[in-house]
Amino acid sequence: MKVMVVGGGGREHAVVWKIAQSPLVDRIVCAPGNPGIARHADTFSVAADDIDGLVDLAVREKVDLVVVGPELPLVLGIADRLEEKGILVCGPSREAAMLEGSKAFTKEILKKYGIPTAEFRIFDDYEEAKEYILSHSLPVVVKADGLAAGKGVGVCETFEDALDFLKKVMVDRVFGDAGKRVVIEECLFGEEASYIVFTDGEKIVPMPTSQDHKRIGDGDTGPNTGGMGAYSPAPVVTPEVEKKIQEKIFYPLLEGMRKEGKPFKGILYGGLMIKDGEPYVLEFNVRFGDPEAQPLVVRMKNDIVPILVDCAKGKLTDHVLEIDERASVCVVMSSGGYPGPYEKGFPITGLDEAEAMEDVVVFQAGTKLEDGRLVTWGGRVLGVTALGSSIREAIERAYQAVEKITWEGAYYRKDIGHRALAREGG
Ligand code: AMP
Ligand code: GLY
């Protein structure tokens, strides 16, 4: 069969790499892709938000299945458009993608179906939001309702910071219309984890647990990024916690979405806070995590394609994921300056050497081929991913690989996996 993947980052390289191992697949098409993806797929320079262009491409290339990496095309309704053309798509409808497209929508659903999450209020009016913030306890969390590339959340320690963030969102509109409405909520404390499942709207096939590192600096300091690294499994999610995540969060949510007439199919990602063994929802994403997909796919032993097809058909049969018992870690290497302004076009060296290491896979994100040379072309450039018999070994191997690679201004966090290590007792 022919499979098309939408997107061109590290997550999409990981998904394409995994799909390429399937004996069921004879061709992969990817838009827009990147040089890493182009090793396994025919890439086309159609942007991930060009819905008409992507639908045309899928029709023209006669693909049997489309897998959507980023949230934006899903929120723009690509799944509905592809289905109109009779093409299977592993991803939710526009209405179900609201679980990521609108934080207010999600909070209302969570409340209606009794799913644990932070206490909240929703505001369309700036003055009312201001007044509410001043009556709130600290810290207080302010969230732009719509898509803001992971930057629309302010966890504010002071009223000054909270009002400042609110003004940026609602008045200055730094995230555009995403800031017409805000959610103001209680701050939750605990440890975060990502729980990602395949679902047909009713059944779930959970992927292994994982955790990402959103801040740019070691020790979780500095501004938020798209994600500077991730690892799997996340020891904070014990079997008991996992049972609660499924029974108190995922099943009631999927049932609620069906009752609302917005059944969700595809890949559902719960961003969770685990406090005293109880899981709370911070957010939902309607797709794989980036960079969580990278350490997840290297642990997945079975063919991913039959599961993607079943999700797309809305009919998951009894899949049991075979998971490599080893741990995996992905260290993201980024351009110097990211998540602020950065320069691009620097030649990348040492990649072959890193890739020659056993149990190491380097996924590409912001890269470009220029006169046959691989150069940096984005904020997050590479996701250096390794397996190890323990989380410690996986971390060591990933960093050994990272140290072989360089370019001018290359940056990476030195402490990916630190929480898991602490739980292992050092
Ligand atoms: P979100 O996009 O809603 O997941 O928010 C991005 C990040 O902000 C999360 O990964 C958390 O680190 C943090 N965050 C969001 N909501 C809360 C909350 N209610 N309490 C504490 N931290 C939060
Ligand atoms: N790793 C966070 C995300 O994919 O949204």
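Just so you know, ligand 1 is whichever comes first in the structure, and atom 1 is the first atom listed for that ligand. Residue numbers count from 1 along this sequence.
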Solution key, residues 196-209 side-chain donor-acceptor pairs under 3.5 Å, sequence neighbours excluded:
unit_1, atom_1, unit_2, atom_2, d
Thr199, OG1, Gly201, N, 2.9
Thr199, OG1, Lys203, O, 2.8
Asp200, OD1, Glu202, N, 2.9
Asp200, OD1, Lys203, N, 2.7
Asp200, OD2, Leu316, N, 2.8
Lys203, NZ, Leu316, O, 3.1
Thr209, OG1, Ala234, N, 2.9

Next on the checklist: Given the ring of Phe264, does Lys262 sit roughly above its face, with NZ or CZ under 6.0 Å from the centre of the six-membered ring and within 45° of the axis?
Outcome noted: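 Cation-pi check for Lys262 and Phe264: fails.
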
Item to check | Arg287 contact mode with ligand 2 (heavy-atom cut-off under 4.0 Å) | outcome: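 Arg287 to ligand 2: side-chain contact only, backbone stays beyond 4.0 Å.
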
Item to check | Ligand-residue contact atoms, ligand 2 with Asp212, heavy atoms, under 4.0 Å | outcome: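 Heavy-atom distances to Asp212 below 4.0 Å select 1 (N), 2 (C).
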
Next on the checklist: If the cut-off is 4.0 Å to any non-hydrogen atom of Tyr269, which atoms of ligand 2 fall inside it?
Outcome noted: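 Answer, ordered by atom number: 1 (N), 2 (C), 3 (C).
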
Checklist entry - Within less than 4.0 angstrom of ligand 2, does Arg11 place any heavy atom? => result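 Checking ligand 2 against Arg11, which is what was asked, there is no heavy-atom contact under 4.0 Å.
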
Checklist entry - At a 4.0 Å cut-off, with the gap strictly under it, does some heavy atom of Gly289 reach an atom of ligand 2? => result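 Right, Gly289 reaches ligand 2.
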
Item to check | Plane angle bin for Trp17 and Phe363 - parallel if under 30°, tilted between 30 and 60°, otherwise perpendicular | outcome: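 If you compare the ring of Phe363 with that of Trp17, the planes turn out perpendicular.
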
Next on the checklist: Under the rule for side chain to side chain contact (heavy atoms under 4.5 Å, CB included), what residues qualify as partners of Val141, not counting sequence neighbours?
Outcome noted: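 Val141: side chain to side chain contact (heavy atoms under 4.5 Å, CB included) contacts with Lys143, Val153, Val155, Glu185, Cys187.
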
Checklist entry - What pairs with Asp324 under side chain to side chain contact (heavy atoms under 4.5 Å, CB included), at least two apart in sequence or on another chain? => result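 Result, side chain to side chain contact (heavy atoms under 4.5 Å, CB included) vs Asp324: Arg299, Lys301, Arg326, Leu387.
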
Next on the checklist: Does Glu278 have more than 12 heavy atoms from other residues, nucleotides or ligands lying within 6.0 Å of its CD?
Outcome noted: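 Yes - once you tally the heavy atoms of other residues, nucleotides and ligands closer than 6.0 Å, there are more than 12.
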
Checklist entry - Any side-chain donor paired with an acceptor under 3.5 Å for Asp145 and Ser102? => result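 Asp145 vs Ser102: donor-acceptor pair found between side chains.
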
Checklist entry - Are any non-hydrogen side-chain atoms of Arg94 and Leu74 less than 4.5 angstrom apart? => result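 Arg94 vs Leu74: side chains apart.
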
Item to check | Every residue of the protein that comes under 4.0 Å of ligand 1, judged on heavy atoms | outcome: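 Those residues closer than 4.0 Å to ligand 1 by some heavy atom are Lys103, Ala118, Val141, Lys143, Val153, Val155, Glu185, Glu186, Cys187, Leu188, Glu192, Lys214, Leu282, Glu283.
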
